[in-house]
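None of these values were measured; they are calculated from a predicted model. In the text below, chain A, chain B and the rest are named by the order of the sequence lines, each starting its count at 1.
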Number of protein chains: 2
Amino acid sequence: MEPIEIFKALSNETRLNILQWLKEPEKHFPKVSIEGGVCVGDIQEKAKTSQSTVSHYLTMMQKAGLLESFRHGQWTYYKIKEETVHQIASFLVSDTQNE
Amino acid sequence: MEPIEIFKALSNETRLNILQWLKEPEKHFPKVSIEGGVCVGDIQEKAKTSQSTVSHYLTMMQKAGLLESFRHGQWTYYKIKEETVHQIASFLVSDTQNE
DNA sequence: ATGATATATCGGATTATCTCGATATGTCAA
DNA sequence: TTGACATATCGAGATAATCCGATATATCAT
(Lines give C-alpha, C1' and ligand atoms only; values in the text may rest on other atoms or scores of the structure.)
Protein backbone atom coordinates (compact mmCIF):
# COMPACT_ATOMS: atom_id res chain seq x y z
CA MET A 1 0.00 0.00 0.00
CA GLU A 2 1.42 3.36 -1.08
CA PRO A 3 -0.43 6.01 0.92
CA ILE A 4 0.72 8.90 -1.26
CA GLU A 5 -0.50 7.25 -4.45
CA ILE A 6 -3.80 6.54 -2.75
CA PHE A 7 -4.22 10.10 -1.51
CA LYS A 8 -3.35 11.47 -4.97
CA ALA A 9 -6.02 9.24 -6.44
CA LEU A 10 -8.51 10.63 -3.94
CA SER A 11 -7.55 14.29 -4.56
CA ASN A 12 -9.98 14.74 -7.42
CA GLU A 13 -13.72 15.17 -7.24
CA THR A 14 -14.55 12.78 -10.05
CA ARG A 15 -12.31 10.03 -8.74
CA LEU A 16 -13.59 10.48 -5.21
CA ASN A 17 -17.14 10.23 -6.51
CA ILE A 18 -16.28 7.03 -8.35
CA LEU A 19 -14.93 5.51 -5.16
CA GLN A 20 -18.03 6.46 -3.24
CA TRP A 21 -20.32 5.12 -5.94
CA LEU A 22 -18.48 1.82 -6.07
CA LYS A 23 -18.88 1.35 -2.35
CA GLU A 24 -22.56 0.66 -3.05
CA PRO A 25 -22.73 -0.12 -6.76
CA GLU A 26 -26.33 -1.42 -6.75
CA LYS A 27 -27.41 1.89 -5.28
CA HIS A 28 -25.73 4.02 -7.96
CA PHE A 29 -25.72 2.03 -11.19
CA PRO A 30 -28.42 0.42 -13.29
CA LYS A 31 -26.52 -2.85 -13.76
CA VAL A 32 -23.82 -4.53 -11.73
CA SER A 33 -22.00 -7.71 -12.67
CA ILE A 34 -22.35 -10.87 -10.58
CA GLU A 35 -18.99 -10.10 -9.00
CA GLY A 36 -20.12 -6.63 -8.03
CA GLY A 37 -18.31 -4.71 -10.77
CA VAL A 38 -19.52 -1.84 -12.95
CA CYS A 39 -18.48 -1.35 -16.57
CA VAL A 40 -16.52 1.69 -17.72
CA GLY A 41 -19.34 3.04 -19.86
CA ASP A 42 -21.77 3.20 -16.96
CA ILE A 43 -19.19 4.92 -14.78
CA GLN A 44 -18.44 7.36 -17.58
CA GLU A 45 -22.10 8.22 -18.02
CA LYS A 46 -22.56 8.91 -14.32
CA ALA A 47 -19.29 10.84 -14.04
CA LYS A 48 -20.24 13.02 -17.01
CA THR A 49 -16.73 13.25 -18.39
CA SER A 50 -14.92 11.95 -21.46
CA GLN A 51 -14.29 8.29 -22.12
CA SER A 52 -10.52 8.71 -22.13
CA THR A 53 -10.50 10.59 -18.86
CA VAL A 54 -12.64 8.03 -17.07
CA SER A 55 -10.51 5.20 -18.39
CA HIS A 56 -7.40 7.01 -17.22
CA TYR A 57 -8.90 7.65 -13.78
CA LEU A 58 -9.95 4.05 -13.34
CA THR A 59 -6.48 2.83 -14.28
CA MET A 60 -4.94 5.26 -11.82
CA MET A 61 -7.25 4.15 -9.01
CA GLN A 62 -6.51 0.53 -9.80
CA LYS A 63 -2.75 1.14 -9.69
CA ALA A 64 -3.22 2.79 -6.32
CA GLY A 65 -4.98 -0.36 -5.16
CA LEU A 66 -8.35 1.28 -4.61
CA LEU A 67 -10.09 -0.65 -7.39
CA GLU A 68 -9.73 -3.96 -9.15
CA SER A 69 -10.87 -4.86 -12.65
CA PHE A 70 -11.85 -7.90 -14.65
CA ARG A 71 -12.98 -8.33 -18.19
CA HIS A 72 -16.07 -10.09 -19.51
CA GLY A 73 -16.29 -10.06 -23.25
CA GLN A 74 -15.85 -6.51 -24.47
CA TRP A 75 -16.57 -4.97 -21.10
CA THR A 76 -14.16 -4.14 -18.34
CA TYR A 77 -15.70 -4.06 -14.89
CA TYR A 78 -14.29 -2.21 -11.95
CA LYS A 79 -15.09 -2.80 -8.32
CA ILE A 80 -13.76 -1.41 -5.08
CA LYS A 81 -10.97 -3.09 -3.13
CA GLU A 82 -12.41 -2.79 0.35
CA GLU A 83 -9.21 -4.08 1.87
CA THR A 84 -7.18 -1.10 0.66
CA VAL A 85 -9.83 1.37 1.72
CA HIS A 86 -9.81 -0.07 5.22
CA GLN A 87 -6.02 -0.16 5.27
CA ILE A 88 -5.68 3.51 4.37
CA ALA A 89 -8.34 4.47 6.92
CA SER A 90 -6.44 2.53 9.59
CA PHE A 91 -3.20 4.13 8.48
CA LEU A 92 -4.72 7.55 9.05
CA VAL A 93 -5.79 6.91 12.61
CA SER A 94 -2.84 4.78 13.63
CA ASP A 95 0.02 6.50 15.40
CA THR A 96 2.90 4.12 15.03
CA GLN A 97 5.41 4.94 12.36
CA ASN A 98 9.14 5.06 11.79
CA GLU A 99 11.54 7.72 13.03
CA MET B 1 -14.54 18.98 6.33
CA GLU B 2 -13.46 19.12 2.70
CA PRO B 3 -12.23 15.65 1.79
CA ILE B 4 -10.51 16.74 -1.41
CA GLU B 5 -8.51 19.47 0.32
CA ILE B 6 -7.52 16.96 2.97
CA PHE B 7 -6.44 14.34 0.44
CA LYS B 8 -4.44 16.95 -1.49
CA ALA B 9 -2.68 17.91 1.71
CA LEU B 10 -1.81 14.26 2.28
CA SER B 11 -0.57 13.70 -1.29
CA ASN B 12 2.98 14.77 -0.53
CA GLU B 13 5.64 12.82 1.30
CA THR B 14 6.86 15.70 3.45
CA ARG B 15 3.36 16.71 4.50
CA LEU B 16 2.36 13.14 5.20
CA ASN B 17 5.48 12.75 7.36
CA ILE B 18 4.60 15.90 9.28
CA LEU B 19 1.15 14.53 10.02
CA GLN B 20 2.56 11.25 11.23
CA TRP B 21 5.16 12.97 13.38
CA LEU B 22 2.57 15.20 14.98
CA LYS B 23 0.47 12.21 15.95
CA GLU B 24 3.13 11.46 18.56
CA PRO B 25 5.09 14.69 18.94
CA GLU B 26 7.03 13.63 22.06
CA LYS B 27 8.32 10.64 20.14
CA HIS B 28 9.60 12.68 17.20
CA PHE B 29 10.65 16.07 18.48
CA PRO B 30 13.07 17.24 21.17
CA LYS B 31 10.66 19.75 22.67
CA VAL B 32 6.90 19.99 22.67
CA SER B 33 4.83 22.82 24.11
CA ILE B 34 2.51 22.27 27.05
CA GLU B 35 -0.41 22.16 24.64
CA GLY B 36 1.29 19.47 22.59
CA GLY B 37 2.43 21.68 19.72
CA VAL B 38 5.76 21.75 17.89
CA CYS B 39 7.39 24.93 16.55
CA VAL B 40 8.00 25.47 12.84
CA GLY B 41 11.76 25.43 13.17
CA ASP B 42 11.82 21.96 14.71
CA ILE B 43 9.50 20.65 12.04
CA GLN B 44 11.64 22.24 9.35
CA GLU B 45 14.79 20.65 10.71
CA LYS B 46 13.26 17.21 10.77
CA ALA B 47 11.63 17.62 7.36
CA LYS B 48 14.93 18.73 5.84
CA THR B 49 13.40 21.27 3.51
CA SER B 50 13.39 25.04 3.22
CA GLN B 51 11.80 27.33 5.77
CA SER B 52 9.38 28.80 3.27
CA THR B 53 8.26 25.41 2.05
CA VAL B 54 7.60 24.08 5.53
CA SER B 55 5.69 27.21 6.47
CA HIS B 56 3.62 26.89 3.34
CA TYR B 57 2.93 23.21 3.98
CA LEU B 58 1.86 23.85 7.56
CA THR B 59 -0.50 26.60 6.45
CA MET B 60 -1.98 24.31 3.83
CA MET B 61 -2.50 21.50 6.33
CA GLN B 62 -4.08 23.91 8.75
CA LYS B 63 -6.48 25.20 6.10
CA ALA B 64 -7.44 21.61 5.34
CA GLY B 65 -8.22 21.19 9.03
CA LEU B 66 -5.51 18.63 9.71
CA LEU B 67 -3.53 20.90 12.01
CA GLU B 68 -4.14 23.81 14.32
CA SER B 69 -1.67 26.47 15.38
CA PHE B 70 -1.09 28.89 18.21
CA ARG B 71 1.59 31.42 18.89
CA HIS B 72 3.74 31.86 21.97
CA GLY B 73 6.13 34.76 21.68
CA GLN B 74 8.02 34.49 18.45
CA TRP B 75 7.21 30.85 17.94
CA THR B 76 4.27 29.34 16.13
CA TYR B 77 3.33 25.88 17.30
CA TYR B 78 1.41 23.37 15.25
CA LYS B 79 -0.43 20.35 16.53
CA ILE B 80 -2.65 17.75 14.96
CA LYS B 81 -6.43 18.06 14.89
CA GLU B 82 -7.34 14.51 15.81
CA GLU B 83 -10.99 15.19 15.13
CA THR B 84 -10.42 15.84 11.44
CA VAL B 85 -8.15 12.84 11.07
CA HIS B 86 -10.81 10.62 12.56
CA GLN B 87 -13.50 12.24 10.44
CA ILE B 88 -11.65 11.62 7.19
CA ALA B 89 -10.90 8.04 8.20
CA SER B 90 -14.59 7.49 8.91
CA PHE B 91 -15.49 9.13 5.62
CA LEU B 92 -13.31 6.62 3.79
CA VAL B 93 -14.92 3.56 5.26
CA SER B 94 -18.48 4.84 5.35
CA ASP B 95 -20.73 3.95 2.47
CA THR B 96 -23.56 6.43 2.68
CA GLN B 97 -23.41 9.36 0.31
CA ASN B 98 -25.61 11.43 -1.98
CA GLU B 99 -26.97 10.71 -5.46
C1' DA C 1 -13.47 -10.97 -42.89
C1' DT C 2 -16.11 -6.73 -41.72
C1' DG C 3 -18.28 -3.40 -39.07
C1' DA C 4 -19.84 -2.10 -34.58
C1' DT C 5 -18.98 -1.47 -29.84
C1' DA C 6 -16.10 -1.06 -25.51
C1' DT C 7 -12.01 0.28 -23.59
C1' DA C 8 -7.10 1.77 -23.54
C1' DT C 9 -3.41 4.56 -24.98
C1' DC C 10 -1.22 8.63 -27.14
C1' DG C 11 -0.10 13.49 -27.81
C1' DG C 12 -0.69 17.84 -26.25
C1' DA C 13 -2.59 22.34 -24.57
C1' DT C 14 -3.88 24.19 -20.20
C1' DT C 15 -3.70 24.62 -15.41
C1' DA C 16 -1.94 23.43 -10.84
C1' DT C 17 1.65 21.97 -7.67
C1' DC C 18 6.33 22.06 -5.93
C1' DT C 19 9.96 24.31 -4.04
C1' DC C 20 13.15 27.68 -3.70
C1' DG C 21 15.42 32.35 -2.50
C1' DA C 22 14.24 36.91 -1.39
C1' DT C 23 11.76 39.77 1.37
C1' DA C 24 8.23 41.27 4.74
C1' DT C 25 6.26 40.97 9.33
C1' DG C 26 6.18 40.11 14.10
C1' DT C 27 8.47 39.41 18.58
C1' DC C 28 12.02 39.57 21.89
C1' DA C 29 16.47 41.10 24.28
C1' DA C 30 19.78 44.48 25.15
C1' DT D 1 15.13 51.55 19.03
C1' DT D 2 18.10 48.43 17.09
C1' DG D 3 19.50 43.99 15.94
C1' DA D 4 18.60 39.16 16.10
C1' DC D 5 15.56 35.54 15.50
C1' DA D 6 11.09 33.04 14.04
C1' DT D 7 7.73 32.74 10.80
C1' DA D 8 4.90 34.21 6.81
C1' DT D 9 4.36 35.82 2.25
C1' DC D 10 5.85 36.83 -2.51
C1' DG D 11 7.45 35.77 -7.14
C1' DA D 12 8.99 32.52 -10.21
C1' DG D 13 11.00 28.59 -12.76
C1' DA D 14 10.56 23.66 -12.95
C1' DT D 15 7.69 19.78 -12.85
C1' DA D 16 3.31 17.33 -12.67
C1' DA D 17 -1.74 16.86 -13.11
C1' DT D 18 -5.87 17.62 -15.80
C1' DC D 19 -8.59 16.51 -19.50
C1' DC D 20 -9.57 16.37 -24.17
C1' DG D 21 -9.84 14.43 -29.12
C1' DA D 22 -7.71 11.19 -32.01
C1' DT D 23 -6.32 6.75 -32.58
C1' DA D 24 -5.17 1.93 -31.34
C1' DT D 25 -6.65 -2.50 -29.59
C1' DA D 26 -9.77 -6.07 -28.29
C1' DT D 27 -14.11 -8.41 -28.63
C1' DC D 28 -18.42 -9.56 -30.56
C1' DA D 29 -22.15 -10.22 -34.18
C1' DT D 30 -23.08 -10.99 -38.88
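- When the shell of 6.0 Å around CD of A:Glu45 is examined, it contains 12 or fewer heavy atoms from other residues, nucleotides or ligands.
- Between A:Phe29 and A:Trp21, the angle of the ring planes goes over 60°, which puts this pair in the perpendicular group of the 30/60° scheme.
- When the P atom of C:dT9 is taken as reference, atom CD of A:Gln44 falls 16 Å away, rounded to whole Å.
- Aromatic ring orientation, A:Phe91 versus A:Phe7: tilted (interplanar angle from 30° to 60°).
- Side-chain N/O atoms of A:Tyr57 include none lying less than 4.0 angstrom from OP1 or OP2 on C:dT7.
- The side-chain heavy atoms of A:Thr53 and A:Thr14, taken from C-beta on, include no pair separated by under 4.5 Å.
- Regarding contacts with the backbone of D:dA6, every side-chain N or O of B:Tyr78 stays at 4.0 angstrom or more from both OP1 and OP2.
- B:Leu58 places its CG atom 14 Å from the P atom of C:dC18, with the value rounded to the nearest Å.
- Judged by distance alone, the side chain of B:Lys23 and the main-chain N or O of A:Ser94 form a donor-acceptor pair under 3.5 Å.
- The side chain of B:Thr76 lies closest to D:dA8, out of D:dT18, C:dT7, D:dA8.
- Regarding contacts with the backbone of C:dC18, a side-chain N or O of B:Asn12 is found under 4.0 angstrom from either OP1 or OP2.
- Note: CE (A:Met60) to P (D:dA16) measures 14 Å, nearest angstrom.
- If you check residues 62-74 of chain A against DNA chain C, the residues with a heavy atom closer than 4.0 Å are A:Gln74, listed by number.
- Looking at residues 48-56 of chain A, you'll see A:Gln51, A:Ser52, A:Ser55 sit with a heavy atom under 4.0 Å from some atom of DNA chain C.
- Across the protein-nucleic acid pair, A:Glu45 atom CD and C:dT7 atom P stand 12 Å apart, rounded to whole Å.
- Counting to the nearest Å, the C1' atom of C:dA8 and the CE atom of A:Met61 are 17 Å from each other.
- Atom CG in B:Leu10 sits roughly 14 Å away from atom P in C:dT17 (whole-Å rounding).
- Cluster membership for A:Met61 and B:Ile4, using ILVMFWY side-chain heavy atoms within less than 4.5 angstrom, is shared.
- The CD-P distance, from A:Glu5 to D:dA16, rounds to 12 Å in whole Å.
- Checking A:Arg15 against B:Trp75, the closest nucleotide of DNA chain D that is more toward the 5' end is the one next to B:Trp75.
- Note: CD (A:Glu13) to C1' (C:dA16) measures 16 Å, nearest angstrom.
- At most 12 heavy atoms of other shown residues, nucleotides or ligands fall within 6.0 angstrom of atom CD in A:Glu13.
- With 3.5 Å as the limit, one finds a donor-acceptor pair spanning the side chains of A:Ser11 and B:Ser11.
- Of all heavy-atom pairs between A:Val85 and B:Val93, the closest is O-CG1, 4.3 Å.
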